> 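Before anything else, here's the structure in question.
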Amino acid sequence: MLLTNATLATMQGDSRYGLLERGAVRLEGERIAWVGPMDDAPGGEALDLEGRLVTPGLIDCHSHIVYGGDRAAEFELRLEGASYEEIARAGGGIVSTVAATRAASDEALLAEALGRADALIAEGATVLEVKSGYGLDVETELRMLRVARRIGAARGVTVRTTCLVAHAVPPEYAGRADAYIDEIALPTLARGHAEGLIDAVDGFCEGIAFDTAQIARVFDAARALGLPVKLHAEQLSHMGGARLAAEYGALSADHVEYATEADAAAMAAAGTVAVLLPGAFYTLRETQVPPVAAFRAAGVPMAVATDSNPGSSPLSSLLLAMNMACTLFRLTPEEALAGVTRNAARALGLAEHGTIRAGARADLAVWDVERPAELAYRIGHNPLYRRIQGGTL
């Protein structure tokens with residue numbers, strides 16, 4: 001297939017957005033075979049895009065879309081003055097979703113997750129990262145990972161599974177976080193890896209979850225299995241998570257509202273991506289913004305994701321996440337688009353995704369807009385014209 005008469009935001013090179021006016025892209029199988037000016041295009045069956053914008057397919061590099069139940073009641077409690085931590089310590093928050101997830105069947109979990117995935121796909125997403133973390137026992141964590149794999153098979157979308165068994169301490173292990181690591185987290189990693197269910201390992205380093213020493217034990221186990229790591233770090237306080245993530249060469253440190261300039265320097269040296277999650281910042285009405293200027297100065301790549309989850313970020317729109325990242329965190333529209341393409345791919349360790357170039361995966365989004373900034377500018381508007389997944393329109 002030859003796509004012609006397109007404005008290409010290649011997301012590489014020195015120009016803004018890697019923009020190529022009157023460009024063309026030749027697809028062969030699941031790969032991009034050629035990119036260049038339309039006048040130089042090779043022959044082949046052509047699809048005239050009539051000047052529309054083409055970007056890499058969007059990538060949600062941080063989501064929790066497999067879970068049972070909802071937490072609308074907690075949304076009301078927060079509006080009545082309760083804090084996220086107060087709700088969590090009273091048995092709400094993650095733990096309430098754990099109970100609903102454990103009680104749900106695999107088919108129910110899949111049906112609900114597919115609805116959330118469809119919302120993302122309808123806005124041009126071609127890659128979804130899906131975390132476990134609402135089972136907090138070995139069997140339910142593995143069930144979540146299996147359901148996540150089924151999303152990819154059901155929708156033909158690329159799914160990367162992340163084992164987030166170190167998400168919270170369940171009630172049956174209250175006050176025994178180290179025992180939970182020994183008896184649940186580490187066996188889950190071993191079994192999940194043996195079944196081929198885990199692409200990466202994550203944890204929540206926070207006062208209401210696990211400290212750096214406990215996360216380090218999980219990361220050591222991941223390293224022994226040859227699995228890359230990432231970390232929920234510095235979301236509600238500064239716990240040293242971002243520095244720990246850098247020490248382990250993590251793919252990403254996510255949230256990072258309380259990260260420091262020293263953290264940024266460590267992340268840059270390690271090649272660790274900062275994943276910004278404005279949906280959670282917005283929903284929790286936080287005031288501590290991520291140190292975007294420090295990330296820029298240090299050269300830390302910044303990704304943007306939905307953090308789609310039932311409690312702190314019930315968000316299923318990457319386009320809205322881009323707008324929030326610009327409005328709340330002061331990213332430029334170019335940084336926001338890089339955040340859901342090139343840098344999101346890097347946060348998942350996907351070298352063949354996120355840019356438009358010869359040899360890359362043929363995952364593309366075609367938009368009814370004149371300029372790339374419109375994708376982050378509009379609110380509640382979906383200008384997707386076509387989506388191409390692995391060379392298939």
Side-chain angles (χ1 to χ4, degrees), residues 60-78 84 87-88 90-121 125 128-155 157 159-172 180 184-185 188 192 197-204 206 208-209 230 232 235 254-255 275 277 279-280 283-284 305-318 321:
D60 194 351
C61 65
H62 183 130
S63 90
H64 306 251
I65 62 173
V66 175
Y67 59 84
D70 69 73
R71 280 157 46 195
E74 293 176 20
F75 176 68
E76 290 186 303
L77 287 174
R78 283 199 303 272
Y84 183 75
I87 291 170
I94 292 170
V95 172
S96 65
T97 298
V98 169
T101 302
R102 288 176 176 178
S105 67
D106 289 6
E107 295 307 317
L109 291 174
L110 178 63
E112 292 291 329
L114 286 175
R116 299 168 193 128
D118 286 344
L120 294 162
I121 292 167
L128 305 178
E129 186 257 16
V130 182
K131 301 180 189 293
S132 68
Y134 293 127
L136 306 187
D137 62 42
V138 176
E139 296 305 327
T140 313
E141 287 290 307
L142 296 177
R143 287 202 298 125
M144 291 184 69
L145 292 166
R146 294 186 193 109
V147 168
R149 288 278 196 239
R150 291 175 65 186
I151 294 170
R155 290 296 184 263
V157 68
V159 170
R160 302 294 286 178
T161 55
T162 298
C163 183
L164 181 57
V165 65
H167 196 194
V169 180
E172 61 268 28
Y180 173 81
I184 303 297
T188 299
L197 295 174
I198 302 175
D199 296 319
V201 174
D202 198 350
F204 188 18
E206 193 55 69
I208 57 174
K230 52 181 59 188
H232 290 58
Q235 179 186 8
D254 302 30
H255 289 289
V275 178
L277 303 170
T283 301
L284 298 178
T306 64
D307 191 19
S308 183
N309 75 70
S312 63
S313 186
L315 172 64
S316 299
S317 170
L318 276 171

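What you see is a predicted model, and the numbers here were worked out from it, not measured in a lab.
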> Using a strict 4.0 Å threshold on nitrogen-to-oxygen distance, state whether Glu139 and Arg143 make a salt bridge.
no

> So, does Ser63 use its side chain to make a donor-acceptor pair with the main chain of Glu129 at under 3.5 Å?
yes

> Going by side-chain contact (heavy atoms from CB on, under 4.5 Å), name the residues that satisfy it together with Ser96, two or more places apart in sequence or in a different chain.
Arg71, Glu74

> Taking side chain to side chain donor-acceptor pair (under 3.5 Å) as the test, write out the residues that go with Glu76, two or more places apart.
none

> Which residues pass the side chain to side chain donor-acceptor pair (under 3.5 Å) test with Ser316, not counting sequence neighbours?
none

> Salt-bridge test for Asp106 and Arg146: reply yes if a basic N is under 4.0 Å from a carboxylate O, no otherwise.
no

> Just how far is it from atom OH of Tyr67 to atom CD of Glu112, taken to the nearest 0.5 Å?
7.5 Å

> Using a 3.5 Å distance criterion without hydrogens, assess whether the side chain of Ser313 forms a donor-acceptor pair with backbone atoms of Thr306.
yes

> So, using salt bridge (Lys or Arg N to Asp or Glu O under 4.0 Å) as the criterion, who are the partners of Glu206 when residues are at least two apart?
none

> Considering residues at least two apart in sequence or located in another chain, which fulfil the salt bridge (Lys or Arg N to Asp or Glu O under 4.0 Å) criterion with Asp202?
Lys131

> Indicate yes or no for a side-chain donor-acceptor contact from Arg116 to the backbone of Asn309 under 3.5 Å, with no hydrogens or angles considered.
no

> Suppose we screen for side-chain contact (heavy atoms from CB on, under 4.5 Å). Which residues come up paired with Thr283, at least two apart in sequence or across chains?
Arg78, Pro314

> Assess whether side chain to side chain contact (heavy atoms under 4.5 Å, CB included) is satisfied between Met144 and His64, documenting all intermediate values.
CA-CA 10 Å; Met144 291 184 69; His64 306 251; over 6 Å; no

> Apply side-chain contact (heavy atoms from CB on, under 4.5 Å) to Ala305 and list each qualifying residue two or more places apart in sequence or on a separate chain.
Asp60, Cys61, His62, Val275, Leu277

> Before giving the answer on side chain to side chain contact (heavy atoms under 4.5 Å, CB included), spell out for Leu120 and Val157 the whole-Å C-alpha distance, their side-chain angles and the decisive distance to 0.1 Å.
CA-CA 11 Å; Leu120 294 162; Val157 68; over 6 Å; no

> Which residues pass the side-chain contact (heavy atoms from CB on, under 4.5 Å) test with Val138, sequence neighbours left out?
Leu142, Ile184, Pro187, Thr188, Arg191

> I'd like to know if the side chain of His255 and the backbone of Gln235 have a donor-acceptor N/O pair within less than 3.5 Å.
no

> Taking only residues two or more places apart in sequence, or in another chain, which ones meet Thr101 in a side chain to side chain donor-acceptor pair (under 3.5 Å)?
none

> Within a strict 4.5 Å, meaning less than it, do heavy atoms of the Glu141 and Leu136 side chains meet?
yes

> List the residues meeting side chain to side chain donor-acceptor pair (under 3.5 Å) with Asp70, not counting sequence neighbours, and say none if there are none.
none

